Structure formats: structure tokens, C-alpha cells
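Since the model is a prediction, treat every value here as computed from it, not as a measurement. The figures that follow rest on heavy atoms only: side chains count, while hydrogens, waters and symmetry mates do not.
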Amino acid sequence: MFVAELRVPDSEGGPGVLQGASCSQSLPIDRSLGRDTCHAHTLDLTNAPLTGTIGAAPFTGRLFMLKRPLVDRRKFLASSAGAMGAAFFGGGPLDALTNQIAQTQSRTWDAGQVRHLLPTVSESRILLKVSFEQALSAAPTLRIGASSFPGRMNDTSGRFWQFYVTDLDAGATHSLSLVAANGSSLCEPWTLSTFPPAAARPDRFRLLFFTCAGGPEGTYTGIGQRRGNLPTAIRNRLLRRALSFNPDAAVANGDHIYWDLHRWSGQRTGALSPRAETSNFDFSGSVFGTSNEAALMLAAEPQIVPVYGTNFRSTPVFFLQDDHDHWENDAAGAFPIAWFQLQLARATQQLYYPEFLPEANRPLGLPWSASSDRGYLSESFGTIRYGSLAEVLLYDVRRTMTLGPQAVFVDPTVEEWLLARTTSPGVRHVVHAPSNPMGWSAGKWGEWYPDVLDRAVGALTTAVPKPYWQDGWLSQHDRLVDAMSGMRARTPLVVSGDLHAIGAGTMQRSGTLNLASNPVTTVLSGPVGTSEGGFPSAVRGVGSSPSGHLDLVETVPPIEQHGFTLVDFLPDRMVVSLFRWDVNSQPLEAIDGLEPFYTTELSTR
């Protein structure tokens with residue numbers, strides 16, 4: 001096989017090797033996962049002339065045959081799952097994973113044997129991801145009314161299951177229950193509502209947005225006293241406060257885990273990270289049915305299960321993946337993502353949170369979308385359609401990003417779908433929700449914008465070239481915002497993930513595009529779990545700022561605090577409400593009384 005290696009000079013001028021690959025197959029992962037067909041190449045950017053391709057996209061570089069694995073295969077601590085657990089928990093068996101994660105469940109609902117439960121819905125379908133306290137030897141059943149739907153096992157031990165339900169009544173509240181093969185209840189029954197049909201005219205739709213809820217367990221001992229990411233109990237408390245406003249659905253926009261497998265800065269650029277050393281993954285192997293499966297669970301489960309528990313059982317949630325969900329940071333060379341990290345991303349999604357259900361106006365043939373025995377699912381592109389009132393377009397910019405003269409963040413077929421839906425009539429509000437923020441730059445490589453940190457002046461600038469950044473990403477951005485501003489009967493709104501801040505502004509110009517006649521409102525949805533070292537000002541010494549490519553009027557300049565956003569859709573307007581909690585000045589109890597610190601109404605025309 002081949003591998004994409006991007007050679008970037010290190011800080012002392014030596015060659016640093018960064019790895020990436022572009023896989024062409026778009027089939028849903030399953031527990032018998034084998035290798036997908038991959039297009040992978042080696043690129044040496046330290047020499048010229050530079051030619052080559054990544055996948056089907058032309059790029060510059062030199063092509064070499066791979067003569068070694070992506071990462072040298074190393075022996076695992078032991079072949080047993082118990083030894084794998086010892087690597088993480090100081091000698092405990094793998095079953096200790098269950099005991100290490102403090103469960104945060106509803107105080108009034110009996111979760112029984114359920115550890116975590118995350119649903120998504122459309123107007124006639126439900127997809128449910130569930131994990132149980134103990135492995136089940138036979139398939140459980142989901143009962144909805146008089147109908148029964150057998151579960152499908154998503155791991156190899158029987159602890160993770162999914163339920164895919166079709167042909168439900170639209171706009172109805174359904175009663176659900178989970179029962180074991182022997183007929184015993186696995187948890188208390190609960191309710192879940194499908195969305196109204198596309199032609200319906202609902203009066204209101206409330207949608208919750210947040211980002212960056214992942215991260216290993218941190219510590220908190222009082223106001224301003226914390227280390228690492230917020231403890232998962234505090235993240236859950238923030239989300240429970242958000243749920244207290246009774247949203248009809250939620251968007252978890254990227255960075256559900258932080259377990260990057262390589263270093264992407266400093267003299268050891270491209271080397272395995274300490275977390276990768278701890279996980280001891282076999283990069284040449286598959287995920288399911290190997291010790292990689294246990295290693296994935298030990299890394300990801302403590303970042304997801306206690307954050308959500310069963311609190312979202314009656315609130316459909318839509319999970320977008322971003323860079324860290326692909327087990328790397330968005331640094332040059334990490335993307336297009338390597339084969340093994342791609343499999344980890346797909347496996348994490350398969351186990352813990354739902355993929356996107358089909359929607360009538362989203363083409364069936366988009367990348368990473370296919371039908372299998374797990375149902376018709378899209379891993380990277382989704383739609384929230386709530387009657388004729390609102391349509392929210394969800395897109396992961398990492399999975400299909402390319403390099404070279406025709407570089408894009410989202411595949412051209414995805415862009416075609418986004419443009420078509422943006423300009424189509426028949427729905428009152430159309431909102432974009434990309435996994436990468438529009439409006440602001442933090443100076444990172446994998447952004448829409450060319451802004452980079454000028455260390456001489458300590459500020460972001462477009463006057464200094466950003467190494468290995470691709471002009472095609474910005475060209476695609478401009479095509480999208482041009483279409484948004486062109487919606488003369490609608491007010492354009494973008495609610496983004498990824499950036500560790502809460503903010504809002506209006507985009508008046510993008511490059512040569514004059515957007516002033518219908519400015520694009522852009523919102524940073526707010527991070528839930530960011531560590532003290534994860535905010536942009538801590539990483540680069542400067543906070544996020546509007547890209548120099550834009551004229552952006554900041555109504556709320558980016559605030560590096562934890563929070564979330566609610567958007568209310570009404571026939572004549574959208575109401576955007578921003579919430580924040582300051583770990584450095586507010587007590588924990590303040591979370592339970594959070595109210596919007598900023599609200600704006602966006603009237604339709």
C-alpha cells in the first residue's frame with residue numbers, strides 16, 4: 001500500500017514527517033471491519049518540483065512506495081483485556097472501566113441496566129444508541145407501542161447496541177421501552193417525539209447547540225481552581241441546564257473526544273503522543289475484534305458516557321465530528337486523515353452516538369453515506385428538518401477535505417447539496433451548521449481562512465503566508481456565504497463548532513463579495529468541556545479574531561468561557577440566545593440558574 005506523508009520542516013530546519021491518507025470507500029463500519037480501499041501517497045514538501053495526488057485530487061509532492069507501516073507495530077502490554085485495563089487504570093481489569101465512570105443519570109427516571117442512551121429522529125424514523133452495564137448474550141428489543149424492533153450489536157461483546165426504527169407516525173410522541181431477551185425490563189419506559197412532516201407548519205422549534213464536550217476527566221476544587229478539562233459531572237450539569245429550557249433537539253458540534261495520536265508541534269512533530277503510547281494501538285490492525293477495540297473504549301468512553309448518560313433520552317441529538325473526533329489535531333499532515341484514525345472515528349461513532357438519518361432533500365449518494373444492515377445512514381452529513389419552519393444543514397468539514405489546486409473542505413457533491421438547499425423554497429428558515437467556524441480565525445492550519453499568527457507582532461494576520469494552507473478552502477467558503485446572503489426572503493445564520501469560545505457577529509463582506517444587503521449572522525455555539533490550556537489565547541497567546549478576509553461586525557466578541565446556544569425558530573423570526581458560565585469567577589451553583597447573557601432577534605423578510 002501507499003501512505004501520505006507530508007514532510008514539514010521542523011523548528012530547527014530538519015524534516016518532520018506527518019502522516020495522512022484518503023480512503024475512498026463509504027461503507028458504514030461494522031464490528032467485522034476490515035481494511036477499506038485507500039488512496040494514499042507520500043509527499044515530500046521539502047524538495048521541488050513537487051507533484052502528485054491525494055485520492056483523486058492533484059497535489060504537489062513526490063510519490064514513494066511505503067516500506068513500513070504507518071506507525072511501527074509494537075507489542076501490546078499483554079494480550080488480555082485485563083492487562084489493557086492495567087495500562088489505563090493502574091492494574092485494574094477492563095471491567096474497571098464501568099466503575100471508573102461516575103454515572104450521571106436522571107434523578108426521577110430509572111436507568112436500570114442502561115449506561116448511556118442517545119437518540120436521533122426524523123419525521124418517521126428513530127436511531128438509538130445504547131450501552132448497558134453488562135454485556136447481553138442475546139439481542140434486546142425496543143418496543144414502541146405494539147411494535148417490536150430487535151437490537152443490533154455494535155461491538156463484539158454485547159455491551160453496545162443500536163435500534164433502527166422506520167415507518168413511524170410523524171410529529172407524534174412515542175412511548176419506548178427496552179426489554180431483554182427474557183422479557184425483563186432493562187430500564188424504565190420513556191417518550192420520544194418524531195419531527196413533524198415537511199409540509200407541516202409548526203409555530204415554534206427550539207434547537208440547542210454546543211461544541212467541545214469531550215476531553216479526559218479533569219479536576220475542580222473551587223472557583224478558579226481546576227486542572228485539565230472540566231470534570232464530566234460539571235459538563236453534564238451544564239447540559240442539564242440547557243435541557244431545562246426544553247429544546248426540541250440538540251446539535252453536538254464536534255470534538256466529543258480528545259485523544260490525538262500524534263504530536264503536531266515542537267521538535268517531535270509527527271511522533272506518537274503520550275496518549276497514543278498509553279493506548280498502545282496496533283496501527284496495522286482493525287478496530288473491532290482486536291485489542292484495539294478495548295483501547296478505543298478505554299480512551300473514548302470516559303469522555304462520552306458520563307457527559308450524556310441518559311439525560312438526552314427524550315431529546316434527539318445530532319452529532320457532528322470534527323478534527324479531534326478523528327483522533328488528531330487539525331495540523332498540516334494530520335489531514336486528509338490516515339486510515340487507522342479514520343477507522344477509530346467511525347468506530348467511536350458506531351458505538352456511542354447516532355449517525356444521520358436520511359432526509360428527502362439530501363441526496364443518497366453523498367460521501368460516507370450508504371445503506372447496510374445497520375440501516376441507511378450518513379456518517380458526516382445530516383439534516384434537521386422541522387416541518388416547513390426550519391431546515392438545518394449539518395456538515396463535517398474534515399472527512400472529505402482535500403489538498404491541491406482543487407482543494408475543498410466538503411466534497412463537491414456535498415457543496416452542490418448545500419447550495420441547492422440554501423436556495424430552495426418551501427422552508428422558512430435555512431441554517432448552516434459546519435464543524436469549522438465561519439467568521440473568526442484562531443490561526444490554525446485547518447481553517448477556512450488564511451490568517452496566521454505573526455509572532456513578531458503577536459497578532460493574527462493575512463500578510464504572512466500560512467504554511468500548507470489551501471486557497472480552495474476559502475473559495476468554497478465564499479461560494480457558500482454568497483448563497484446564504486442571496487436568500488432574499490430569509491435571514492442567513494451560521495452556528496459553528498470547533499472554536500473554544502462563545503460569540504456572535506454579522507458578516508458584511510467576504511473577500512470581494514458585498515454581503516451588506518443581507519449580512520450573514522454567525523454564532524460560536526459555546527464549548528462545554530474545554531481545558532484551561534485549550535482556549536485559543538492559551539494555545540497561541542492571542543484570542544480568536546475576525547478573519548482579515550472579512551468585514552465582520554462583532555456583536556459578541558469571542559468569550560473564552562463555557563456555555564451553549566439556543567435558537568428559537570418562529571414563522572417571522574429566529575431568536576438566538578447565548579449562555580455562559582465562568583469557571584474562574586462563578587460557583588458551580590450558578591450553572592443551575594444560567595440565563596442568556598445575550599439575545600438577538602433575526603427577523604425574516
Side-chain angles (χ1 to χ4, degrees), residues 204-214 230 235-256 307-308 311-312 315-320 322 382 384 386 389-395 429-440 484 491-507 520-530 535-536 544 552 554-570 573-583 590-591 593-602:
R204 179 185 291 268
F205 173 50
R206 174 169 287 176
L207 187 56
L208 165 66
F209 291 89
F210 59 90
T211 188
C212 305
L230 284 187
R235 295 177 230 175
N236 177 267
R237 193 167 181 170
L238 279 165
L239 292 178
R240 283 187 284 117
R241 178 55 181 168
L243 289 174
S244 73
F245 292 94
N246 298 313
D248 298 291
V251 176
N253 197 339
D255 294 345
H256 315 298
V307 173
Y308 298 96
N311 296 114
F312 282 77
T315 305
V317 61
F318 296 78
F319 279 79
L320 272 167
D322 198 51
I384 300 174
Y386 201 82
L389 180 61
E391 183 170 329
V392 182
L393 306 172
L394 306 155
Y395 44 107
H429 305 286
V430 173
V431 172
H432 283 242
S435 65
N436 205 6
M438 289 185 171
W440 292 269
M484 295 180 212
T491 299
L493 174 63
V494 180
V495 185
S496 305
D498 182 65
L499 198 61
H500 298 269
I502 313 162
T506 56
M507 199 183 300
V520 177
T521 297
T522 181
V523 172
L524 302 175
S525 58
V528 169
T530 303
F535 291 109
S544 305
L552 183 74
E554 294 183 290
T555 50
V556 180
I559 300 169
E560 294 184 344
Q561 295 175 8
H562 301 93
F564 54 86
T565 295
L566 291 174
V567 179
D568 285 297
F569 297 89
L570 299 99
R573 66 194 185 280
M574 294 178 287
V575 181
V576 179
S577 302
L578 307 186
F579 296 74
R580 66 180 178 182
W581 175 69
D582 185 3
V583 67
I591 293 174
L594 286 181
E595 295 291 339
F597 73 91
Y598 173 81
T599 299
T600 185
E601 291 194 0
L602 306 175

Partner set under side chain to side chain donor-acceptor pair (under 3.5 Å) for [X], not counting sequence neighbours:
| X | answer |
| --- | --- |
| Trp440 | Glu554 |
| His432 | Tyr395, Thr422 |
| Asn246 | none |
| Thr315 | none |

Original post:
Is a donor on one side and an acceptor on the other found under 3.5 Å between the side chain of Arg235 and the backbone of Ala213?
Top reply: yes

Those residues that, when tested against [X], pass ring pair (Phe, Tyr, Trp, His ring centres under 6.0 Å) (two or more places apart):
| X | value |
| --- | --- |
| Phe312 | Tyr308 |
| His500 | none |
| Phe205 | Tyr386, Phe569 |
| Phe318 | none |

Subject >> Ion pair Glu560/Arg580, N-O distance below 4.0 Å >> reply: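 Looking at Glu560 and Arg580, the cut-off is not met.
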
Original post:
Taking C-beta and beyond as the side chain, do Val528 and Leu239 meet within less than 4.5 Å on heavy atoms?
Top reply: yes

Applying salt bridge (charged side-chain N to carboxylate O under 4.0 Å, His left out), can you list everything that pairs with [X], at least two apart in sequence or on another chain?
| X | answer |
| --- | --- |
| Glu601 | Arg573 |
| Arg206 | Asp568 |
| Asp322 | Arg398 |

Original post:
Can you name the side-chain contact (heavy atoms from CB on, under 4.5 Å) partners of Thr491, sequence neighbours left out?
Top reply: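 Listed in chain order: Met574, Leu602.
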
